[in-house]
Amino acid sequence: MAKGSNIVHQYFKKEFEEATIIVKVNPIHFTGTEITVAKDGQVEVRELEFDQNIFDDLKADEFVESSPLEFNLYYNGLA
């Protein structure tokens, strides 16, 4: 197994009136995935690159820690 392949991602969520945003962050490479779930059920997925301030930014934007299960249900189209 390649060194560094066992990365534990971190998940965050914020609920808005019109949608919920769930973010998966790779804390080593500062990359991730953002899922926007509209109230009508439409799902949009974006791949992102972050800087080392991502955790401070998420906190300032009032994101809270979230479940990997919830993220993966939406990511895989099961929710």
Participant: Is the closest side-chain heavy-atom distance between Val37 and Glu44 below 4.5 Å?
Facilitator: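 No, too far: nothing below the 4.5 Å cut-off.
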Participant: Might you point out which heavy atoms bring Ala38 and Ala19 nearest each other, and give the distance in Å?
Facilitator: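 Heavy atoms of Ala38 and Ala19 come nearest at CA-CB, 3.9 Å.
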Participant: Do other residues, nucleotides or ligands put more than 12 heavy atoms under 6.0 Å from Glu18 CD?
Facilitator: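 Correct, the count exceeds 12.
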Participant: Please examine the side chains of Gln10 and Phe55, heavy atoms only from C-beta on, and report whether any two atoms are closer than 4.5 Å.
Facilitator: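 Yes, close enough: below the 4.5 Å cut-off.
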Participant: Do you know which two heavy atoms are closest between Ser66 and Ile22, and how far apart they sit?
Facilitator: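 Scanning both residues, the minimum pair turns out to be OG-CG2, 4.2 Å.
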Participant: Are Ile21 and Val45 connected in the hydrophobic side-chain network, where two residues link if heavy atoms are under 4.5 Å apart?
Facilitator: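 No, because Ile21 and Val45 fall into different hydrophobic clusters, even though each may have its own neighbours under 4.5 Å.
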Participant: When clusters are formed by joining ILVMFWY residues with side-chain heavy atoms under 4.5 Å apart, either directly or through shared neighbours, do Leu48 and Phe16 land in the same one?
Facilitator: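 Yes, Leu48 connects to Phe16 through the hydrophobic network.
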Participant: With no hydrogens and no angle check, is any side-chain donor or acceptor of Lys14 less than 3.5 Å from a backbone partner on Asp61?
Facilitator: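 Yes, because the side chain of Lys14 sits within donor-acceptor range (under 3.5 Å) of the backbone of Asp61.
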Participant: Using the rule that two of Ile, Leu, Val, Met, Phe, Trp, Tyr join whenever any of their side-chain heavy atoms come within less than 4.5 Å, decide whether Phe63 and Phe30 are in one cluster.
Facilitator: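 Yes, it is one cluster - the side chains of Phe63 and Phe30 are joined through contacts under 4.5 Å.
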Participant: Does some side-chain heavy atom of Phe12 sit less than 4.5 Å from a side-chain heavy atom of Glu65?
Facilitator: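 Yes, their side chains come closer than 4.5 Å.
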Participant: Grouping I, L, V, M, F, W and Y whenever their side-chain heavy atoms are under 4.5 Å apart, do Phe71 and Leu78 come out in a common cluster?
Facilitator: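 Different clusters: Phe71 never reaches Leu78 through Ile, Leu, Val, Met, Phe, Trp or Tyr contacts under 4.5 Å.
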Participant: For Lys39, is the NZ atom crowded, meaning more than 12 foreign heavy atoms sit under 6.0 Å from it?
Facilitator: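 Yes, enclosed.
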Participant: Pick from Ile54, Ile7, Val25, Asn26: which one makes a side-chain contact (heavy atoms from CB on, under 4.5 Å) with Thr31?
Facilitator: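 Only one of Ile54, Ile7, Val25, Asn26 forms a side-chain contact (heavy atoms from CB on, under 4.5 Å) with Thr31, namely Asn26.
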Participant: Side-chain heavy atoms nearer than 4.5 Å, only ILVMFWY residues, links allowed to pass through others: does that put Tyr75 and Tyr11 together?
Facilitator: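 Yes; tracing contacts between hydrophobic side chains, which count when under 4.5 Å, links both residues.
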Participant: Taking the side chain from Asp51 and the backbone from Asn53, do they hold a donor-acceptor pair closer than 3.5 Å?
Facilitator: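 At least one qualifying donor-acceptor pair exists.
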Participant: Going by atom types alone, do Thr33 and Glu47 pair a side-chain donor with an acceptor below 3.5 Å?
Facilitator: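 Present: a donor and an acceptor within the cut-off.
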